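Whatever order the structure lists ligands and atoms in, that order sets their numbers, starting from 1. All values reported here derive from a predicted model rather than from experimental measurement. In what follows, every heavy atom counts, from backbone to side chain, and hydrogens, waters and symmetry copies are set aside.
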Amino acid sequence: MPIATTNPATGQVLKTYDPMSDEQVDAAIERADLAFRQLHGTSVVQRGRWLTAAADLLEAERDETARMMTTEMGKTYAAAKAEVTKCATACRFYVANAERMLADEPADAGAVKAKRAFVRYQPIGPVLAVMPWNFPLWQVMRFAAPALMAGNTGLLKHASNVPQTALYLEELFRRAGFPEGAFTTLLVGSDAVDRILSDPRVRAATLTGSEVAGRSIAQIAGRELKKTVLELGGSDPFVVMPSADLDRAAEVATTARCQNNGQSCIAAKRFIVHTDVFDAFVEKFAARMAALRVGDPMDDGTDVGPLATDRGRAEVHAQVQDAVDNGATIACGGELPAGDGWYYPPTVVTDLRPGMRMWSEEVFGPVAGLYRASSYEEAIEIANGTTFGLGSNAWTTDPAEQERFATDLDAGSVFINGMTTSFPELPFGGVKNSGYGRELSAVGMREFCNTKTVWVGVGEAGAGAGAHAE
Ligand SMILES: O=CCCC(=O)O
């Protein structure tokens, strides 16, 4: 895929970039390594000043940055502005909390026969971040803010269709005052990743992307014995039980499915509805989905803009067609629109069955699959009957059922009477083929820290037997 900005609303190529040479990449890795040594020697307070400056810049430049993102990948301008604000909020969250998250953690010295024992969190070095286009600023920021605050440096290989946003990020951190090399964008294709991650100066990798990309990174990192955090796809269940407020559930289901033009890893994708309320829910949900306004992402009145790529839209339509060809029913949408731009209508598909592509695959567009369940047990079986396990949603006002869902849903997060959302305060990540490791919160920051055990003996004969302990 060429490194280029192509406007999904028109299909027009606006700007192309030559990939960096191996020599340029090597020089960038060298700068990242040198910057790591420099950053490592700075205080959390100093790094916090730089990250605060980055948040200030994000807020001051919100509108133009949002316009750039909309032009590169088609999300609505309103959603893009919200994304910029969320990035600034995450920066401020880590500025406010990093010192506490990175503080030494005392352990019970007596229990380990020490005078003093504690855990110290230290940065590990340059980290390669391979990031997707769907939240082009946020996906990077949720890695970069904690990583830089911890004293790591970042090397970004962004998706090839968002080069301007990728370059903006490098500039942002530079202008905020971080040392040269602390955060660098590598304009390269995926074929360069093996070489970069194999470089001994690159200590770890984080990837948000497809399962295929995750397996590839994990393979390289396994060979090189490097830590990885992988946030891969999802096909999140959205379970609706008889006690749920159906109007509210249908309203949130619509947002949960069509946020970001339906292109979010944590979008609700499979709607599993108890048979007692199935027909009522489908009617309300399909009416809301059909009422969404599809159009120019820069217009204030638009709810759903174009999909980011022509190929992505073709794939979504092929998945819907496959379901229809095999007996599924369309409650709304499902027609490929004529004209310019990679638009796809909000679509609701019922009567899905095992064997259809939509049953087992992630659908990365505004398409909802509806499943009927006759009991709690069947709802859980359908919800967990996927190789994915990123987010999950359950709608019920019964407290006992809420507890059961929290335990039984096999996913990295469970949202009851709400939609899966990422917050800087909460860990974010998945299980099964949705990946491993966590982003955000203290857990995310410590993923790229050396969790160092420090044991201090009294240094006298017969005392502090740690080194000789059983
Ligand atoms: O695509 C993944 C989810 C992004 C988010 O909302 O944090």
Inset, instruction - Taking atom CD of Q219 as the centre, report whether more than 12 heavy atoms of other residues, nucleotides or ligands fall under 6.0 Å from it. - result: no

Legend entry - Set of ring pair (Phe, Tyr, Trp, His ring centres under 6.0 Å) partners for Y77, sequence neighbours left out: none

Legend entry - Heavy-atom neighbours of E381 CD exceed 12 at 6.0 Å: no

Inset, instruction - Just say parallel, tilted or perpendicular for the rings of F143 and F448, cut-offs at 30° and 60°. - result: perpendicular

Show the distances, to 0.1 Å, for all pairs joining an N/O atom of ligand 1 and a protein N/O atom that are shorter than 3.5 Å, listing one pair per line.
from	atom 1	to	atom 2	distance (Å)
ligand 1	1 (O)	N134	ND2	2.9
ligand 1	1 (O)	Q139	NE2	3.2
ligand 1	1 (O)	C265	N	2.9
ligand 1	6 (O)	S422	OG	3.4
ligand 1	7 (O)	W138	NE1	2.8
ligand 1	7 (O)	R142	NH1	2.6
ligand 1	7 (O)	S422	OG	2.4

Legend entry - Under 3.5 Å: donor-acceptor pair, side chain of Q263, backbone of N260: yes

Inset, instruction - Output yes when a side-chain donor or acceptor of N384 lies under 3.5 Å from a complementary backbone atom of D410, and no otherwise. - result: yes

